[in-house]
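Worksheet: the structure to be examined is printed underneath.
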Amino acid sequence: TQPYLASFALGATAQLEEEVAANRARPEDAEKLKAALMGPLGALGDSLFWGGVKPVAALIAVALFLSGFLWAPLLFLVLYNVPHLFIRWSALCDGYDHGVKVIQVMARYKIQRKVHHLKSISFALTGMIPAVVWSSGGVEPSFSGRIGPLVFLGVGVLFWLAARNGVPAAGIVAGAGLLVFLSSFLA
């Protein structure tokens, strides 16, 4: 299972092991619980942390680093580790407090919804990074005047809206490529 959400299973199993020690549950119940939770927790944890929290933290750090904030790598560690440590602890407590009913408790976390929002944010940040590079003087603009940063900001908003409305990632990337191609004619 995924190490960060494994705390749900760890807490629930610890509570169930206490029930087994008090002869209120069978020893095989703990094994069945662990086996039942492994797959779903792995899938949810991977999508939440590797597909959501980590990309957003990295994109924020990259944007800040490109704009001259030299502490951005440390900020990345904070932005990534604070959520995972919080979820590890709260999941362990919830798992222990609710035992075999931990699945109902996990539904309150609304992990899929959070993943969807994090992916939308990462698409928006991806669209905005060129504006950060441009405004910091890292790239010579090909647009005249001050319209370039507005175009990139608009692209970031479009990425966010597309992701929010369920457009697949391949469609968003293809759209971005088309925008880059079309913008080359404005130079």
Side-chain angles (χ1 to χ4, degrees), residues 1-20 25 28-65 72-129 132 155-176:
T1 189
Q2 205 274 346
Y4 303 152
L5 292 188
S7 298
F8 280 117
L10 181 63
T13 303
Q15 195 267 350
L16 191 55
E17 292 287 351
E18 287 183 359
E19 296 289 319
V20 169
E28 58 269 8
D29 291 343
E31 291 301 319
K32 288 179 183 177
L33 178 65
K34 287 189 275 187
L37 291 176
M38 280 191 318
L41 289 176
L44 287 172
D46 285 349
S47 62
L48 178 62
F49 286 99
W50 308 147
V53 175
K54 193 173 191 176
V56 168
L59 287 165
I60 290 170
V62 165
L64 290 173
F65 185 77
L74 182 61
L75 179 66
F76 165 76
L77 293 173
V78 170
L79 290 174
Y80 181 73
N81 286 311
V82 167
H84 100 72
L85 290 172
F86 172 77
I87 287 181
R88 274 186 166 187
W89 178 252
S90 60
L92 179 67
C93 293
D94 280 343
Y96 184 79
D97 291 342
H98 299 283
V100 295
K101 296 181 181 178
V102 72
I103 295 171
Q104 289 86 10
V105 174
M106 287 171 46
R108 289 189 314 199
Y109 279 77
K110 298 179 180 165
I111 293 173
Q112 289 298 90
R113 187 174 180 191
K114 287 177 175 60
V115 168
H116 180 72
H117 290 305
L118 287 168
K119 287 185 179 186
S120 297
I121 291 168
S122 68
F123 280 126
L125 288 169
T126 301
M128 290 181 197
I129 283 182
V132 170
V155 168
V157 170
L158 287 175
F159 274 36
W160 176 74
L161 287 172
R164 186 169 184 208
N165 290 313
V167 174
I172 293 173
V173 171

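Take Glu19 and apply the salt bridge (charged side-chain N to carboxylate O under 4.0 Å, His left out) test, not counting sequence neighbours, and it matches Arg24. Residues forming a side-chain contact (heavy atoms from CB on, under 4.5 Å) with Ala72 (at least two apart in sequence, or on another chain): Ala61, Leu64, Phe65, Phe69. For the side-chain contact (heavy atoms from CB on, under 4.5 Å) test, residues two or more places apart in sequence or in another chain that qualify with Leu10 are Leu92.
Rounding to the nearest 0.5 angstrom, the gap separating the CD atom in Glu17 from the CG atom in Asp29 is 10.0 Å. Interatomic distance, Ile121 CD1 to Ile60 CD1, rounded to the nearest 0.5 Å: 7.5 Å.
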Can you give me every donor-acceptor pair (side chain of residues 30-47, partner residue at least two apart or in another chain, under 3.5 Å) with its distance?
unit_1	atom_1	unit_2	atom_2	d
Glu31	OE2	Lys34	NZ	3.1
Asp46	OD1	Trp50	NE1	3.2
Ser47	OG	Ala43	O	3.2
Ser47	OG	Leu44	O	3.1

What side-chain donor-acceptor pairs closer than 3.5 Å can you find for residues 96-105, not counting sequence neighbours?
unit_1	atom_1	unit_2	atom_2	d
Tyr96	OH	Glu18	OE1	2.6
Tyr96	OH	Glu18	OE2	2.8

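Residue pairs meeting the side chain to side chain donor-acceptor pair (under 3.5 Å) criterion with at least one member in residues 75-93, sequence neighbours excluded, are Tyr4-Tyr80, Asn81-His84, Ser90-Tyr109. Counting only residues at least two apart or on different chains, no salt bridge (charged side-chain N to carboxylate O under 4.0 Å, His left out) pair has a member in residues 104-120.
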